[in-house]
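Atom set for the values below is all heavy atoms of this structure, side chains included, hydrogens, waters and symmetry mates excluded. Proteins come first, then strands; the chains are lettered A, B, ... in the order of their sequence lines, and each starts at number 1. In this text, all values refer to a predicted model and were calculated from it rather than measured experimentally.
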Amino acid sequence: MSVELCGLHLDHPIVNGSGTFDAIAARRVFGEALDREFPFAAFVSKTITLTSRAGNPPPRLWEAQAGLVNSIGLPNRGLRGYIERDLPELASLPVPLITNVMGSTAEEIAELLGVCDEHEEIAALELNVSCPNVHTGLDIGTDPVQLERVVAAVRPATTKPLIVKLTPNCADVGECARAAEAGGADAVSLINTLRALALDPSARSCAVAAPGASAARAALPRRWLGGGGGGLSGAAVRAIALAQVAAVASSVSIPVVGMGGVQTATHARRLLDVGARLVAVGTESFRDPTVGSQIARGLAAASAP
Amino acid sequence: MSVELCGLHLDHPIVNGSGTFDAIAARRVFGEALDREFPFAAFVSKTITLTSRAGNPPPRLWEAQAGLVNSIGLPNRGLRGYIERDLPELASLPVPLITNVMGSTAEEIAELLGVCDEHEEIAALELNVSCPNVHTGLDIGTDPVQLERVVAAVRPATTKPLIVKLTPNCADVGECARAAEAGGADAVSLINTLRALALDPSARSCAVAAPGASAARAALPRRWLGGGGGGLSGAAVRAIALAQVAAVASSVSIPVVGMGGVQTATHARRLLDVGARLVAVGTESFRDPTVGSQIARGLAAASAP
Amino acid sequence: MSVGKSSSARRAPIPRGEYPKAPFGRRLLTVAGNEVLGAYRVLKAADPKGPEPGAGQFAMLAGAERWGAGEDERPYLPRAFSYTRWRDGEAHFMLEDVGPGTHRLCELREGDGLWLLGPLGQGFASPEYGRRALLVGGGVGIAPLAIWQDTLDAAGAAGANATVLLGFRDRAHAEGAALLGEARLATDDGSVGHHGWVTDLLGEELDRDEDATVYACGPPPMLEAVRAQCAARGIPAQLALEAGMACGFGACFGCVVPARSGYLRVCVDGPVVDALELERV
Amino acid sequence: MSVGKSSSARRAPIPRGEYPKAPFGRRLLTVAGNEVLGAYRVLKAADPKGPEPGAGQFAMLAGAERWGAGEDERPYLPRAFSYTRWRDGEAHFMLEDVGPGTHRLCELREGDGLWLLGPLGQGFASPEYGRRALLVGGGVGIAPLAIWQDTLDAAGAAGANATVLLGFRDRAHAEGAALLGEARLATDDGSVGHHGWVTDLLGEELDRDEDATVYACGPPPMLEAVRAQCAARGIPAQLALEAGMACGFGACFGCVVPARSGYLRVCVDGPVVDALELERV
Ligand SMILES: Cc1cc2nc3c(=O)[nH]c(=O)nc-3n(C[C@H](O)[C@H](O)[C@H](O)COP(=O)(O)OP(=O)(O)OC[C@H]3O[C@@H](n4cnc5c(N)ncnc54)[C@H](O)[C@@H]3O)c2cc1C
Ligand SMILES: Cc1cc2nc3c(=O)[nH]c(=O)nc-3n(C[C@H](O)[C@H](O)[C@H](O)COP(=O)(O)OP(=O)(O)OC[C@H]3O[C@@H](n4cnc5c(N)ncnc54)[C@H](O)[C@@H]3O)c2cc1C
Ligand SMILES: Cc1cc2nc3c(=O)[nH]c(=O)nc-3n(C[C@H](O)[C@H](O)[C@H](O)COP(=O)(O)O)c2cc1C
Ligand SMILES: Cc1cc2nc3c(=O)[nH]c(=O)nc-3n(C[C@H](O)[C@H](O)[C@H](O)COP(=O)(O)O)c2cc1C
Ligand code: FES
Ligand code: FES
């Protein structure tokens, strides 16, 4: 089941979703077994930004129907901290490293890509475009025109394979994928989490079923997540992810990394069937950190002659 | 718990989602009890188009994770059949009738609204804008500019309250709601189903995990639904619906009809809490046709002094 | 032409289109038993408030617990099952474990809760005047034939003591035949009865006596063979169809099958339809 | 200042940061028992392959069946529980039924399957030289104190025969105290022991003898009171924190609490933290 992505040769098609596996923490928790039985064919870092971020205040998690709403807020040490402190540890993983970055302007992104480009420990780059544009406020990834422009502007900053991680919160994800391809992306990945919301279950309801609209709006109920809104992942999004991955795979000729709600080899197989080259596992790793290997083995067993 | 929507006085805030309850069929099945214990405070018809539609070939249903993917394809008798055959029956329901219509051009929509406008049995109109524009192919509802233009163009065709049913498959549903409001909508409703996909579980996988991309794309796997893609509804979409309804309620000053994954009074309450005036129940009625009344009673009990 | 059955005067014929209405809303029943029957199970639930169903009608069932569970968080929606028997306020269903929903129902134990909405749909109607009833079932499709046989026998109509032809995969499945009275059997593997299809038996039976109304339920290829044979001979047939369902009461438009007049909703226009309505199954 | 406990030579002190590593991957255990303990339950599972946990460590648990079920399709993710005891390859957990996940675990019966990932996190560390151990627990937060008491007693360290102060809502909850040895109790309703807070008892105890290291676990307001009292007196305290968790092994960054140094992940930087790390709980 070995597979190739933009020149990277991988043992199998299963990687982790960015931000859903911390290999450094996992080494502390599981020891050498982590490296010996590393569950992914490549390791995708969490999203790195230029300057460090603390992330959102807690609570950061809400358990939804067969899914998880998170509002983590991309905590990270910032580019420099990542390069100096995380990279040496990640470089010793038994698999290639894909570094995920995010910036709110083309300049920021170019700097992130440019610095990473100098480090041969990094095999490929993933660009998270679910980031509000500082000028428009809209996520860069939602508008195909803007997306193509940004990708084209930052593309020269690295010669490493560049994967653009699309946002699913858009009108036509196939068009966004085409924009990324036109801008020079070597691959696209999807889906990121879907915008979702949770209210504090303990807060008393404050809307009044009154004829006037204003009353209800005056007193907005307490949001559960410290960050306000959140993003939905896990089993609940699987059918949506399959549709988006299929739409993208039939829209572009660059490879596609598909993800969203994958729990079993069957789910991974379906994403491959609609045209994904690799499959990423996110939330399901929370339920079992070795599920990546189990899925990879399941795929191999099913495709054995 | 009585509530007012654009001049309609309703006994409680629970209505049905368009296309998820056929009052005429239900009368045949349940007899007089249906009218006696009608579960909704208003009845929303399924989507009516200018000419009749047979709907999509079966299978039309796929059970997803805590959700349902449907590809019904809007079967209906067409405007004339609706007016002549359904309207007399629907007019005798014990609650006001909201007729849901869809067209792929402003002219078509204006005709639908105009004809309905002549029938006083119809209390209000709901315009489903999850319909591909015949020229662009994109759903009318996904592009705020186009949406405002269409709503403004059709608005004069009726003096009845006009509810625009937004599509959730867009980049910024708040902006779409503002567009509908600017175009002259009296209210907006959401969410409609989220684009999703299901593959035939019995079909053997045909993608080859080969380095070449073209192989995988050559042989697309068999899609389960006769209509190809489908739309996800039910519990799985609840957290997404809550986010979209909250975003819309804080974007417009016209009333909002919220729906998506509502199964209990608590779920309905959350939508009211983020600013919905009414709540619609769709998929959950399939599990129990009287759930609408149960939710209405639950809301009333919780808000009783 | 020999008429093996006594065609006594018809009492209480069951016309089309007059079936009991379902109480509005699903109701919570208590499981009274769940018995193994070869490869199948017979689930019995006390339904004191339920109207007696018409033969061929069905119900939407869901376990009161663990419906929404399992590897894929399925089953989520209720599932459709033909009534296979009605005994003094007790509804019986014949189950084949083919997926998460039937699996869960097969696990129910006495005392467990069961949600039921029903009786639903259009059932079987009495044979046309002068015709005998000929029941043809395949696999778990024999379920509605049992209650139909009960009805015909009780009504003492032309259909009483109807000839019954049943087809199964193998011996374990053929044990399901015990639900009906005397029957001619066919099995795919020849382990019981005729080695081959139940529609072979139907052909013989019709060769012997064409004056019959055929009542059939089973997998689509079997139903199509029945339809084609009956059409070729001009024999009336009532077919009990299946389709994936979400609601069972006409709300979702999900359960359609193509018919001459367009798509039919199996749950409200069927499940029993006149074979003439279909171009093919 | 009277030292009530014999402070014999310390054997096998348990330093910070050296806790058993978890086997990689969750493992399927068999439930060995599930016993009522007043308002709580003690769930016992055979864990023959599991390493002996350090006191204060926890595990992520999920039922092998019906996890993904229930009214809201919850529980979906595993839940965190402190080891409350370890007996010859059997892990014990003390449960309070507060929601769908704990409810499901409370329902498990002997022989049922239980998924476990663990032991996880940083546990308790031996008292500083010359200090006695003072255990303070509130509600189900007493769970990790029991295994810590076992450890201290077995090590015969300064902490052996530690003073134990436990607070509960009422009599039914106070029955949980049976998990630990002799203890002073407080209840909110005064039905057992001191009528008031366990932190009142802590104040008395520290007035009597300040030479202690405090080990505390319980609801946030209790922990904050413990932190504040200890900080005011300059007494070392180790607090076992809680937070909503998705993974338990540092993957999701969901379980953070604010600390002086920024956010800590309770699952990998805790659950036991030095009170000095926190500005407030
Ligand atoms: C009117 C009527 C009467 C019936 N009477 C009986 C009866 O008496 N006894 C009996 O045993 N059965 C009966 N059935 C069939 C029964 O309803 C189905 O076997 C049952 O719904 C299967 O559910 P499941 O969860 O066990 O299996 P499913 O997993 O739902 O599988 C059943 C079939 O559905 C398809 N499928 C697979 N996955 C999905 C999915 N995710 N979403 C949608 N479809 C999928 C496949 O084709 C599969 O073979 C009847 C059906 C109808 C319509
Ligand atoms: C390190 C550690 C050790 C622990 N040790 C023990 C122990 O020994 N014994 C014990 O009984 N408990 C222990 N707990 C607490 C235990 O993990 C929780 O009680 C459990 O996770 C609750 O799950 P639930 O499904 O029963 O309840 P939930 O419904 O998850 O409710 C628990 C709390 O979560 C919040 N909540 C409600 N709904 C949601 C939602 N949809 N998504 C997210 N949050 C929600 C509310 O604040 C609620 O009060 C420990 C926790 C940690 C972190
Ligand atoms: C807790 C959590 C944190 C995440 N953090 C990131 C992140 O830092 N960068 C990113 O691009 N995606 C992030 N994601 C999105 C995942 O990589 C993945 O796209 C999404 O969860 C869908 O896959 P899943 O359903 O398998 O989890 C995160 C998801 C979760 C649940
Ligand atoms: C089977 C089915 C048919 C539907 N048909 C229509 C329709 O005709 N017109 C429409 O505007 N929405 C239609 N919808 C969308 C629902 O009205 C509703 O917006 C959506 O299902 C979300 O609510 P729910 O999660 O409560 O089902 C349909 C939904 C389902 C499940
Ligand atoms: S099952 Fe819903 S219409 Fe037939
Ligand atoms: S629970 Fe996931 S990081 Fe702590």
Side-chain angles (χ1 to χ4, degrees), chain B residues 16-17 19-39 46 52 54-77 201 224-226 233-236 263 282-291 293-294, chain C residues 17-28 51 57 60-62 67-79 99-101 115-122 220 241-259 261-269:
Chain B
N16 64 299
T20 65
F21 204 93
D22 180 338
I24 297 174
R27 249 188 199 151
R28 274 168 69 195
V29 175
F30 303 114
E32 292 168 7
L34 178 79
D35 287 71
R36 229 170 28 233
E37 305 156 33
F38 199 74
K46 65 170 135 52
S52 71
N56 290 331
R60 291 179 171 184
L61 302 170
W62 174 260
E63 190 181 57
Q65 291 57 54
L68 170 66
V69 181
N70 85 77
S71 167
I72 307 297
L74 305 175
N76 76 94
R77 303 187 196 279
W224 171 256
L225 297 166
S233 64
Q263 299 184 285
T283 306
E284 189 63 9
S285 290
F286 302 160
R287 301 181 8 133
D288 184 354
T290 59
V291 76
S293 334
Q294 292 167 40
Chain C
E18 290 187 21
Y19 298 96
K21 296 209 183 302
F24 188 37
R26 61 179 186 176
R27 52 194 185 276
L28 190 58
Q57 286 195 293
M60 298 298 285
L61 302 184
W67 205 269
E71 195 195 326
D72 268 356
E73 287 77 39
R74 298 178 58 215
Y76 170 64
L77 297 161
R79 302 290 195 260
W115 286 113
L116 180 145
L117 180 76
L120 300 165
Q122 314 301 319
L241 305 179
E242 282 196 13
M245 291 188 175
C247 70
F249 58 96
C252 74
F253 281 76
C255 62
V256 296
V257 294
S261 59
Y263 288 123
L264 299 181
R265 277 175 287 182
V266 170
C267 69
V268 286
D269 302 322

Between [options], the one whose heavy-atom pairs under 4.5 Å with chain C are most numerous:
| options | answer |
| --- | --- |
| B:Gln294, B:Arg36, B:Glu37 | B:Glu37 |
| B:Ala26, B:Ser293, B:Pro57, B:Gly55 | B:Pro57 |
| B:Gly73, B:Ala54, B:Pro59, B:Ser71 | B:Ala54 |

* Give a yes or no on whether the backbone of C:Tyr76 and the side-chain of B:Glu63 come within a donor-acceptor separation of less than 3.5 Å. =>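 Yes, because the side chain of B:Glu63 sits within donor-acceptor range (under 3.5 Å) of the backbone of C:Tyr76.
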With chain B, which of [options] has the greatest number of heavy-atom pairs at distances under 4.5 Å?
| options | answer |
| --- | --- |
| C:Ala243, C:Cys255, C:Gly25, C:Pro119 | C:Gly25 |
| C:Gly248, C:Ala246, C:Gly262, C:Gly244 | C:Ala246 |
| C:Gly118, C:Pro20, C:Ala62, C:Ala22 | C:Ala22 |

* **Close side-chain approach of B:Asp288 to C:Leu117, heavy-atom, < 4.5 Å** =>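 With C-beta onward as the side chain, the pair stays apart.
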Say you draw a straight line from [atom1] of [X] to [atom2] of [Y]; how long is it, rounded to the nearest 0.5 Å?
| X | Y | atom1 | atom2 | answer |
| --- | --- | --- | --- | --- |
| C:Cys252 | B:Leu61 | SG | CG | 5.0 Å |
| C:Arg26 | B:Arg287 | CZ | CZ | 6.0 Å |
| B:Asp22 | C:Phe253 | CG | CZ | 4.5 Å |
| B:Trp62 | C:Leu77 | CH2 | CG | 12.5 Å |

How close do [X] and [Y] get, counting heavy atoms only, and between which atoms?
| X | Y | answer |
| --- | --- | --- |
| B:Ala64 | C:Arg74 | O-CG, 4.0 Å |
| C:Val268 | B:Arg28 | O-NH2, 3.4 Å |
| B:Phe286 | C:Phe249 | O-CE2, 4.1 Å |

* Asked: Can you say whether C:Arg27 sits under 4.5 Å from chain B via the side chain, the backbone, both, or neither, judging by heavy atoms?
  ->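 Answer is neither: C:Arg27 stays 4.5 Å or more from chain B.
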* Asked: Mind checking whether C:Phe24 and B:Phe21 have parallel, tilted or perpendicular rings, split at 30° and 60°?
  ->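 Correct class here is perpendicular.
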* Cation-pi between B:Arg60 and C:Tyr263: NZ/CZ under 6.0 Å from ring centre and within 45° of the ring axis? ->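 Yes, cation above the ring, under 6.0 Å and within 45°.
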* To do: Sort B:Asn56 into side chain, backbone, both or neither according to what part of it lies under 4.5 angstrom from a heavy atom of chain C.
  =>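 The backbone, not the side chain.
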